[in-house]
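What follows is a single structure, written as structure tokens, with notes after it.
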Amino acid sequence: MATEGPAMRRVQVAEHPRLLKLKEMFNSKFGSIPKFYVRAPGRVNIIGEHIDYCGYSVLPMAVEQDMLIAVEPVKTQTLQLANTNPLYPDFSTSSNNIQIDKTKPLWHNYFLCGFKGIQEHFGLSNLTGMNCLVDGNIPPSSGLSSSSALVCCAGLVTLTVLGMNLSKVELAEICAKSERYIGTEGGGMDQSISFLAEEGTAKLIEFSPLRATDVKLPSGAVFVIANSCVEMNKAATSHFNIRVMECRLAAKLLAKYRGLQWGKVLRLEEVQTKLGVSLEEMLWITEDALHPEPYSPEEVCRCLGISLQELRTQILSPTTQDVPIFKLYQRAKHVYSEAARVLQFKKICEEAPDDTVQLLGELMNQSHASCRDMYECSCPELDQLVDICRKFGAQGSRLTGAGWGGCTVSLVPADKLTSFLANVHQAYYQRNNRNLTFEKQSLFATKPGGGALVFLEA
């Protein structure tokens, strides 16, 4: 239940190779043994891209890949972080002086986001220190939410060390808010599914208030994740925050066009709610109110009746001050059509007609086309990978996650899975000589996994 906190399980560490290895590495690093372990999963978003921060529902599921942290509270007020991956250097800081550098999305800053979020929620100044060893097997910058899983894991670690309780929903909301310390203006999907996921079911995640509903996926097909091996770090590029701002500006122009008080409007969903119309009607209103040609900052000011100074100081975020053009029509068209596709996807899963897999696949294909053409968050490698997946039997294939690199998700009939994996492997990975460090994690079938947990040694 979402009203409960994450589960706590007693386990025999010796029976879990990954936990045992982590325990041994922790011992050699810190000279002691962990008091407990926390896991938080990554996720794949099946449909509903770039719409959570616009206020709309999304449809993700947790994957089995996760962040795992071994923890030992200590008497000093020092936070010591280490990572099993030698690419990520050790870090230590005072637990009472958390500084998060937005200019550098370093791995430990994501841990600090979760730590600081819990600290601030309870208004605590005197926090105990801890030794933590992090082990992640979610490919980084792949669109499977490795960074949010680390924020969530750190939030749950901190809560457990403090001996405090929060519901999964509260934890998800705190972690979604605290990830913004790193500078990305995300919605709340990644943190919500990390805490609210349940084995065997995808979730429709709705916002304001945050809630999750089970969505039973079709039994005759499998979701396959394929990594394009193009890395995109959301916090290191302005693409993501520019899209957030374009949606905000589109919402304000649409609200003004329809005579609403646009000043406080931040999200496209608010315009629809205030007008009391359908998503289809919002697409018609977008056609009337906005033009396909890009808007300059000056034109945005003319439309809203404000000065350039007011636009810069009251509306634009620090990272979008110098953006020369905004594509408002295209972004709004994507968001309203994608929000409708999410609801259609859920409806088809519930009604389960004979051609369920084909219908869901068509929605996924439409989603990719919209992400590519209207939201412009794809890249040549993702488009190539989507085409290859469809060619070898996927009923639907699309980019997943923020885009500009990362992974695709494909819906593959179960009887075609073996040939699909072999053919895609050869056509994309072998032919292109892709970086196969993460070969096993470049192409794999997945099923809905469970949410964040605390493990205690039995």
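This one's a predicted model, so the numbers in the text were calculated from it and none came from an experiment.
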Original post:
Would you say N365's side chain and S397's backbone share a donor-acceptor pair under 3.5 angstrom?
Top reply: yes

Subject >> OH-OH distance between Y336 and Y56, expressed to the nearest 0.5 angstrom >> reply: 5.0 Å

Subject >> CG-OG distance between L399 and S228, expressed to the nearest 0.5 angstrom >> reply: 9.5 Å

Subject >> salt bridge (charged side-chain N to carboxylate O under 4.0 Å, His left out) partners of residues 400-410, not counting sequence neighbours, each pair once >> reply: none

Subject >> Residue pairs, two or more places apart or on separate chains, that pass salt bridge (charged side-chain N to carboxylate O under 4.0 Å, His left out) and touch residues 325-345 >> reply: E246-R331, E287-K333, K327-E376, R331-E376, E338-R341, E338-R398

**OP:** Can you sort out the partners of Q314 under side chain to side chain donor-acceptor pair (under 3.5 Å), two or more places apart, ordered by chain and number?
**Re:** none

For [X] and [Y], test the side chains for any donor-to-acceptor distance below 3.5 angstrom and give the result as yes or no.
| X | Y | answer |
| --- | --- | --- |
| D135 | T84 | yes |
| N227 | S142 | no |
| E49 | S367 | no |

Original post:
Pick one: which of L150, V38, N137, L453 meets side chain to side chain contact (heavy atoms under 4.5 Å, CB included) with D66?
Top reply: N137

Subject >> NZ/NE/NH1/NH2 to OD/OE distance under 4.0 Å, K447 and E64 >> reply: no

Subject >> Electrostatic pair R302-E298, nearest N-O below 4.0 angstrom >> reply: no

Subject >> More than 12 heavy atoms of other groups within 6.0 Å of Q321 CD >> reply: yes

Subject >> Whether over 12 other heavy atoms sit under 6.0 Å from E362 CD >> reply: yes

Original post:
Under a 4.5 Å cut-off applied to non-hydrogen side-chain atoms, are S178 and F115 in contact?
Top reply: no

Original post:
Does a side-chain heavy-atom distance below 4.5 Å link L171 with C152?
Top reply: no

Original post:
Does the separation of the ring centres of F111 and Y88 fall below 6.0 angstrom?
Top reply: no

